[in-house]
Amino acid sequence: MMVKSASEDSIAVYCFKEVLSTAIVEHIRRQIPNRVAEDILRIFSHSKWELIKQILIDLEKGKSFKDYLRYIKHPEAFAGSYLKNRTCETFFHKNDGETKYFRIAEEQANIDFQAVSDVMYDLHQYNESLSTSSFTELLRRNLQAKVGITISSSSFSQVEAHLQNRQTFIDLFIDKQMDGFKESVLANFQVTSDDQVEWLHSPYDKMKDILWGCDAKCPFCYEPCINAQKDHLKDGLHKCASHRVQGVSGSHWIATKKLSEAFCNICVSEGSATFKHGDKSINFKDYKTIYPDWDIPPYPETSVYWKRFCCEYQQCLEKQYGMPITIPDHWKRFSKEDAINSITLEAS
């Protein structure tokens with residue numbers, strides 16, 4: 001009789017492990033996206049400008065006009081792809097034989113399994129005072145409250161069917177069945193690429209919402225709005241950290257058919273240039289009559305980074321838009337270091 005009871009309790013433990021394994025794997029998968037997102041957010045200091053700055057630095061290193069053009073025309077889409085690539089580099093490249101993604105899963109598994117052990121030890125005090133169904137219901141509720149995993153009552157039906165001696169059940173689970181259990185759970189997280197991950201919710205949505213938010217672009221140079229809140233217009237207008245040379249987005253002078261070498265803030269400051277809106281010519285200083293949601297302060301500073309870009313990719317720009325651009329001679333004196341160093345100053 002004792003042999004049969006122990007055998008039945010072993011089956012109960014086996015059934016419990018099957019149910020628990022599925023629940024813990026799902027719990028870890030729920031936790032990982034937030035951890036991944038938070039790590040990436042910290043890399044960019046929770047700042048849209050830090051993200052833009054790193055994109056610009058990497059574009060300069062990459063020397064690809066095609067990539068530059070993608071960013072110029074569709075900065076919000078480019079930023080989304082950039083964040084995904086950065087996540088893959090950070091979490092799915094092996095270091096010392098493991099990925100960071102796996103190490104996060106392992107950390108969460110250690111937390112979960114310790115909590116499960118605590119729950120099982122705590123059950124000793126209820127060993128004889130509850131019915132079998134009440135015992136398994138208490139186990140289920142404690143797992144939810146103390147571990148954070150949700151298991152339906154029906155999932156415990158096989159555990160209840162085979163459970164004979166609760167003390168034996170608890171001891172078997174703690175003393176013998178924990179061996180290899182965590183390893184079998186962690187086997188689900190031995191992945192080496194984002195495509196292999198079963199995200200329960202995407203970390204990229206959170207990253208994009210916090211680091212990018214507003215998708216608006218300057219109507220003249222396509223520089224993205226620096227505000228990272230999607231609905232910020234109730235608190236403040238669209239604004240750029242620094243405007244680009246207008247010609248990089250294809251803006252051109254109607255009279256000369258040349259790409260514009262002007263900057264939006266300078267056009268607003270000088271008040272002599274005009275832009276076309278429908279069949280009307282609008283003075284730049286009156287831009288708010290057409291774009292009331294934008295604030296383009298008439299400050300004198302201009303972007304060294306985009307001046308150097310125009311010098312380096314002049315032929316590419318002219319081929320892309322089918323128009324020449326006049327490059328001021330003094331722009332050609334700027335070095336790569338000047339361009340990179342200027343980005344930090346432009347954000348201030």
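Being a predicted model, the structure only gives us computed values, none of them experimental.
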Distance only, no hydrogens: is a donor on one side chain within 3.5 Å (strictly under) of an acceptor on the other, for [X] and [Y]?
| X | Y | answer |
| --- | --- | --- |
| Ser251 | Gln246 | no |
| Asp338 | Ser335 | yes |
| Ser153 | Arg140 | yes |
| Glu318 | Gln314 | yes |
| Glu89 | Asn85 | no |
| Asp112 | His27 | yes |
| Asp209 | Tyr204 | no |
| Ser155 | Ser152 | yes |
| Ser131 | Ser134 | yes |
| Gln114 | Asn110 | no |
| Glu223 | His243 | no |
| Thr90 | Lys100 | no |
| Glu38 | Asn34 | no |

Q: Begin with the C-alpha distance, continue with both residues' side-chain angles, and end with the deciding distance and a verdict on side chain to side chain donor-acceptor pair (under 3.5 Å) for Thr132 and Glu160.
A: CA-CA 7 Å; Thr132 298; Glu160 288 184 18; over 6 Å; no
Looking at [Y] and [X], is any side-chain nitrogen of the basic one under 4.0 Å from a carboxylate oxygen of the acidic one?
| X | Y | value |
| --- | --- | --- |
| Arg308 | Glu60 | yes |
| Glu312 | Lys63 | yes |
| Asp194 | Lys84 | yes |
| Asp9 | Arg166 | no |
| Glu26 | Arg29 | no |
| Glu107 | Arg103 | no |
| Asp67 | Arg70 | yes |

Under 3.5 Å: donor-acceptor pair, side chain of [X], backbone of [Y]:
| X | Y | value |
| --- | --- | --- |
| Asn341 | Glu337 | yes |
| Asn283 | Gly271 | yes |
| His252 | Gly250 | yes |
| Lys48 | Cys225 | yes |
| His238 | Lys217 | no |
| Tyr305 | Leu56 | yes |
| Thr136 | Ser133 | yes |
| Asn227 | Gly236 | no |
| Lys73 | Ser249 | yes |
| Asp286 | Thr289 | no |

Should the heavy atoms of other residues, nucleotides or ligands under 6.0 Å from [atom1] of [X] be counted, would the total exceed 12?
| X | atom1 | answer |
| --- | --- | --- |
| Lys239 | NZ | no |
| Lys319 | NZ | no |
| Tyr71 | OH | yes |
| His232 | NE2 | yes |
| Lys66 | NZ | no |

How long is the straight-line distance from [atom2] of [Y] back to [atom1] of [X], given to the nearest 0.5 Å?
| X | Y | atom1 | atom2 | answer |
| --- | --- | --- | --- | --- |
| Ile296 | Cys267 | CD1 | SG | 9.0 Å |
| Lys182 | Ile24 | NZ | CD1 | 10.5 Å |
| Ile11 | Leu163 | CD1 | CG | 11.5 Å |

Quick check: closest heavy atoms across [X] and [Y], and the distance to 0.1 Å?
| X | Y | answer |
| --- | --- | --- |
| Ser260 | Ile325 | O-CD1, 4.1 Å |
| Pro203 | Pro33 | CB-O, 3.4 Å |
| Gly247 | Leu317 | O-CD2, 4.5 Å |
| Lys288 | Trp294 | NZ-O, 2.6 Å |
| Trp49 | Ile343 | CZ2-O, 3.0 Å |
| Val268 | Lys285 | O-CB, 4.0 Å |

Q) Could you walk me through whether Phe220 and Phe284 pass the ring-ring contact (aromatic ring centres under 6.0 Å, His included) check? A) CA-CA 10 Å; Phe220 307 113; Phe284 266 96; 4.8 Å; yes
Q | ILVMFWY network linking Val245 to Tyr299, side-chain heavy atoms under 4.5 angstrom | A |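 Not linked; separate clusters.
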Q.
Applying a strict under-4.5 Å side-chain criterion to I, L, V, M, F, W and Y, I'd like to know whether Leu200 and Ile111 cluster together.
A.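 Not linked; separate clusters.
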Q: Return the orientation label for the Phe309 and Tyr313 ring planes: parallel under 30°, perpendicular over 60°, tilted otherwise.
A: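 Tilted.
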Q: Starting from the C-alpha separation in whole Å, work towards a yes-or-no answer on salt bridge (Lys or Arg N to Asp or Glu O under 4.0 Å) for Asp205 and Lys208.
A: CA-CA 5 Å; Asp205 293 339; Lys208 186 83 179 299; over 6 Å; no
Q | Note, Thr99 side chain near Phe189 side chain (heavy atom, < 4.5 Å) | A |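 A side-chain contact under 4.5 Å is absent here.
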Q) Is any side-chain heavy atom of Gln108 less than 4.5 Å from a side-chain heavy atom of Ile32? A)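 Answer no - side chains too far apart.
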Q: Could you check Tyr287 against Tyr291 for ring-ring contact (aromatic ring centres under 6.0 Å, His included), going step by step and ending with a plain yes or no?
A: CA-CA 6 Å; Tyr287 73 93; Tyr291 303 108; 7.8 Å; no
Q | Candidates Tyr121, Phe113, Phe16 - the one meeting ring pair (Phe, Tyr, Trp, His ring centres under 6.0 Å) with Phe173 | A |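 Only one of Tyr121, Phe113, Phe16 forms a ring pair (Phe, Tyr, Trp, His ring centres under 6.0 Å) with Phe173, namely Phe16.
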Q. How far apart are the C-alpha atoms of Phe102 and Phe91, what are their side-chain angles, what is the distance that settles it, and do they pass the ring-ring contact (aromatic ring centres under 6.0 Å, His included) test?
A. CA-CA 8 Å; Phe102 178 83; Phe91 289 94; over 10 Å; no
